[in-house]
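See below for the structure under consideration.
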Amino acid sequence: MMPNSELEQEQLRVNRVTKWVKEQIEGLQDQAGELREDIVDIRKNFWDDVTVNFEDSAESAETHASLKQQAELLSERERTRRVAMEQLGLLKKLAQSPYFGRIDFVEDGESREAIEPIYLGVGSLLDESGANYLIYDWRAPISGLYYDYSPGPAKYETPSGQISGEMTLKRQYIIRQGEIEGMFDTGVTIGDEILQAVLGKQSDSQMKSIVATIQREQNQIIRNERARLLLVQGAAGSGKTSAALQRVAYLLYRYRGTLNADQIVLFSPNPMFNSYVATVLPELGEQNMQQTTYQQYLEHRLVQTFDLEDPFSQLEYTLSAAHGSEYDARIEGIRYKSSLAFIGLIDRYAASLGEKGLRFRAMKFRGRTLITAEAIHEHFYSHNRSYPIPNRLRMTAEWLLKELTRLGREERGKRWVEEEMELLDNETYNTVYSELLDKEGFTQNSFDDHKRESDRLAAIIVQERFKRLRSRVKRLKFLDMPEVYRQLFHETNEQEGEYPQLWAAICEGTAEKLARKELFYEDATPYLYLKELLEGFQTNTSVKHLFVDEAQDYSPFQFHYLKKIFPSCKITALGDLNQSIFAHAVVGDSFHALSGMYEEQETERVVLERSYRSTRQISEFTSSFIAGGERIIPFNRSGPWPTITPIADEEELAKRIAQRIEELKKQGNSSIAVIGKTAEESRLAFEALSAIVPDIHLIAKETSTFEQGVVVIPSYLAKGVEFDAVILYNASSLVYGREDERKLFYTACTRAMHELHLYYLGEPTSFLEKAQLAEPLKNI
């Protein structure tokens with residue numbers, strides 16, 4: 001701690017800054033109130049202040065100009081108020097805690113007497129003159145010194161070049177309600193005192209942004225502007241997701257004016273996770289980027305064609321159906337369809353379709369075939385074979401639209417048209433009559449005039465009924481994509497390449513699924529990839545940055561596809577290979593597959609080995625489960641050792657867990673998770689506990705919001721989230737017995753921040769053999 005005199009001087013500065021902040025808050029509140037009154041008044045009297053006259057072109061132009069002027073005035077007021085409210089939100093944060101750090105820096109060649117202290121906070125603040133910074137935004141170029149250097153030689157990058165010099169002081173603060181509660185000079189990035197204060201708190205229902213605790217290696221992620229592909233591999237609890245979200249905030253600050261939140265997309269692991277991280281960017285004064293899951297993207301593209309399996313259903317199958325007769329073929333199929341080898345097979349198949357094999361749908365209308373599939377097939381293959389398939393499909397679509405126009409004229413004389421004509425409403429008749437009146441010579445008093453009116457009405461009816469057909473043609477729905485994909489599993493013997501050993505069984509299972517208009521999760525990306533090879537890729541060039549969280553859960557094929565549909569963006573992929581739990585993602589190192597898609601100079605890889613989430617005891621305990629666990633560096637925050645408890649039967653299991661939950665709640669733990677291996681085990685656990693544990697909630701894959709309190713949750717849905725205390729429902733060898741479940745077990749246990757308790761029936765899982773405990777367990 002600092003001497004009292006220095007602490008007093010620092011408190012005086014905090015007082016002066018917070019006083020100025022509060023004065024600005026009062027002024028902004030008044031301004032925002034006046035702007036709100038202006039907006040209400042403009043909306044209320046909008047038409048009173050607009051001259052409306054359409055008698056001639058000059059009056060119409062004046063009306064248009066008047067409307068535009070009033071709309072622009074309203075828009076300007078709303079925009080000004082929105083900016084004022086955003087600034088007001090920032091000032092209210094600064095009033096509570098104006099800054100968290102200070103550095104004293106002198107540039108090379110300048111006198112030490114010229115040093116000006118630089119204070120860092122969640123936003124910038126100018127003094128009364130508007131010329132000097134009282135607080136620098138944590139994202140400003142000079143603020144990087146705080147995260148990257150100890151006192152001594154230091155440098156930072158600016159848009160105009162590199163600035164070198166010496167940092168003579170680095171100070172950290174804990175300020176709450178305008179009062180300094182802690183102040184430390186430090187030689188490392190973040191002093192243990194501040195990290196202990198932050199990490200020792202209870203978890204929350206939403207992830208918090210703590211820019212004061214960004215570590216040097218995390219800062220390298222946040223401020224990286226060079227890499228086209230930034231790979232972040234980090235241990236559980238190493239702050240990957242937090243760094244990614246702060247990276248978004250940094251990019252929006254750094255490129256303000258040329259980059260907006262809509263140009264950034266985050267692929268997160270599940271909808272619940274989206275709610276968990278939803279407040280981080282708003283806390284930093286930025287709008288949230290687009291958030292989705294890969295499954296939601298797939299459903300958006302495929303929901304009208306297939307009943308699509310989700311990745312959690314696929315995982316449930318791999319965890320619970322190991323003794324089924326089709327299991328081995330399904331697992332082999334998942335892995336093959338997720339590999340780069342399958343991409344090669346589809347590429348060759350698509351190329352062969354340029355010569356033969358495309359399947360088409362007939363154009364049908366009112367139960368009749370207007371254009372046969374054979375006719376479409378013949379026309380498509382009549383085009384020059386050297387033309388790309390997407391070009392030939394569009395040429396075929398143009399031909400079909402012309403054919404529909406011709407066939408539409410033939411339909412006008414059909415009986416069904418006459419019948420519908422008799423049912424037309426008066427508005428349609430009057431519209432047609434008015435159109436014909438504008439034409440010279442129309443009187444409606446002759447046979448020809450009546451025929452012209454009848455022909456026009458018939459044309460309107462046919463045009464309306466043909467709309468759906470024309471729309472299908474424009475969307476290339478005449479191509480029978482499900483059948484083209486199904487055919488891949490019947491004709492691949494013609495394609496070169498190596499096939500998996502159980503390929504015949506894989507083909508049979510896939511074909512049966514497709515016949516029911518269902519699609520395995522592992523088939524979704526290959527299906528879309530083939531579809532876009534044939535129809536042309538629907539690329540998104542507006543997205544500038546793509547963030548993929550839990551990237552170890554993506555297959556090489558999925559990464560290949562993402563690169564195709566987002567061709568011009570930079571990708572930040574974050575994950576932990578030790579938490580790779582899906583069968584489709586264990587085809588080797590998916591990070592290696594992704595980096596292989598970029599030039600070496602375009603790729604940077606950051607490895608985070610320090611874990612901050614869990615206590616030292618929990619980190620040491622869980623690191624023994626995995627290969628390379630000794631490389632994980634736990635943060636030195638102490639807590640109780642994890643416990644492993646044998647249980648006689650399921651009735652006792654529920655009773656003992658309920659007792660543990662009650663103890664944890666009394667100790668002040670606000671989020672407690674009972675983690676089951678699968679959805680089924682979690683459901684059974686919930687049923688057993690709900691009768692004796694009040695206010696307990698079951699989390700399922702459909703859950704969209706993350707709740708505090710006591711929850712029962714499947715292991716794979718807990719990934720990416722943290723809890724004060726974790727109870728593993730049944731850590732027996734019967735539940736966690738296969739080697740390929742080791743990472744799932746590790747993932748579940750590493751959700752715990754402060755306490756971890758494992759129970760088991762029968763024999764404990766062998767994954768615990770090397771686990772370190774406070775004392776040897778007598779019953780293991």
Side-chain angles (χ1 to χ4, degrees), residues 217 220-222 224-236 238 240-241 243-245 247-248 251 264-269 273 289 292-295 297-298 311 334-347 521-522 524-526 528-529 532-533 537 539-541 543-609 628 719-720 743 747:
E217 63 271 22
Q220 293 172 358
I221 298 165
I222 293 166
N224 188 297
E225 299 176 30
R226 304 172 302 277
R228 191 172 171 211
L229 171 64
L230 179 61
L231 291 172
V232 181
Q233 183 176 339
S238 58
K240 300 181 294 294
T241 301
L245 295 171
R247 172 166 168 76
V248 173
L251 292 169
I264 302 175
V265 173
L266 167 67
F267 277 102
S268 57
F273 185 83
M289 67 269 145
T292 188
T293 66
Y294 191 70
Q295 177 68 11
Y297 171 79
L298 294 175
I334 290 172
R335 292 176 177 171
Y336 180 65
K337 292 172 183 176
S338 303
S339 69
L340 297 179
F342 194 49
I343 295 176
L345 176 64
I346 290 180
D347 286 339
Y521 178 72
E522 63 269 20
T525 302
L528 285 176
Y529 179 70
E532 304 220 23
L533 280 177
F537 273 88
T539 57
N540 187 325
T541 56
V543 173
K544 304 300 182 188
H545 286 271
L546 179 66
F547 287 74
V548 182
D549 202 6
E550 302 293 348
Q552 78 280 347
D553 291 339
Y554 287 70
S555 71
F557 202 133
Q558 289 170 335
F559 278 133
H560 181 82
Y561 181 68
L562 285 174
K563 188 172 183 292
K564 282 282 188 181
I565 60 176
F566 295 105
S568 58
C569 74
K570 292 184 175 181
I571 294 181
T572 302
L574 312 105
D576 177 10
L577 294 176
N578 285 317
Q579 297 182 65
S580 182
I581 62 176
F582 290 91
H584 64 260
V586 295
V587 190
D589 181 347
S590 56
F591 280 10
H592 179 74
L594 177 57
S595 61
M597 299 172 196
Y598 291 83
E599 297 294 331
E600 187 176 347
Q601 63 270 21
E602 296 179 314
T603 304
E604 292 189 33
R605 190 164 185 158
V606 179
V607 178
L608 303 176
E609 294 180 332
K719 190 144 59 71
K743 292 180 178 180
T747 299

Answer whether the closest heavy-atom distance between the side chains of [X] and [Y] falls below 4.5 Å.
| X | Y | value |
| --- | --- | --- |
| V548 | Y294 | no |
| L577 | Q552 | yes |
| N224 | R247 | yes |
| T241 | L574 | no |
| F547 | V265 | no |
| M597 | L340 | yes |

Given side chain to side chain contact (heavy atoms under 4.5 Å, CB included), test F267 with D549 step by step and report yes or no.
-> CA-CA 6 Å; F267 277 102; D549 202 6; over 6 Å; no
Let me confirm one number: the [atom1]-[atom2] distance from [X] to [Y], rounded to the nearest 0.5 Å.
| X | Y | atom1 | atom2 | answer |
| --- | --- | --- | --- | --- |
| L546 | K570 | CG | NZ | 13.5 Å |
| L245 | M289 | CG | CE | 5.5 Å |
| S568 | K544 | OG | NZ | 5.0 Å |
| T541 | I565 | OG1 | CD1 | 12.5 Å |
| E604 | T572 | CD | OG1 | 10.5 Å |
| I571 | T603 | CD1 | OG1 | 10.0 Å |

Minimal non-hydrogen separation, [X] against [Y], with atom names:
| X | Y | value |
| --- | --- | --- |
| R228 | C569 | NE-O, 4.0 Å |
| I264 | V248 | CD1-CG1, 3.9 Å |
| S338 | P556 | O-CD, 3.3 Å |
| L298 | A524 | CD1-CB, 3.8 Å |
| T747 | N578 | OG1-O, 4.4 Å |

Check the pair Y336, F557 against side chain to side chain contact (heavy atoms under 4.5 Å, CB included), reporting the backbone distance first and the verdict last.
-> CA-CA 10 Å; Y336 180 65; F557 202 133; over 6 Å; no
Do [X] side-chain atoms and [Y] backbone N/O form a donor-acceptor pair below 3.5 Å?
| X | Y | answer |
| --- | --- | --- |
| K240 | G234 | yes |
| S268 | T292 | yes |
| K743 | F582 | no |

Quick one: do K564 and E532 make a salt bridge, cutoff under 4.0 Å?
-> no
Given H560, which of F342, Y529, F566, Y598 fulfils the ring pair (Phe, Tyr, Trp, His ring centres under 6.0 Å) condition?
-> Y529
Verify side chain to side chain contact (heavy atoms under 4.5 Å, CB included) between L594 and Y554, making sure each step is shown before the conclusion.
-> CA-CA 10 Å; L594 177 57; Y554 287 70; over 6 Å; no
Start with the C-alpha gap between D576 and K719, add the side-chain angles, then the distance that decides, and say whether side chain to side chain contact (heavy atoms under 4.5 Å, CB included) holds.
-> CA-CA 11 Å; D576 177 10; K719 190 144 59 71; over 6 Å; no
Between S595 and R605, do the side chains contain an N or O donor and an N or O acceptor separated by less than 3.5 Å?
-> no
So, Q295 versus Y521: side-chain donor-acceptor pair below 3.5 Å or not?
-> no
Inspect the surroundings of CD in Q601 and state if more than 12 heavy atoms from other residues, nucleotides or ligands are less than 6.0 Å away.
-> yes
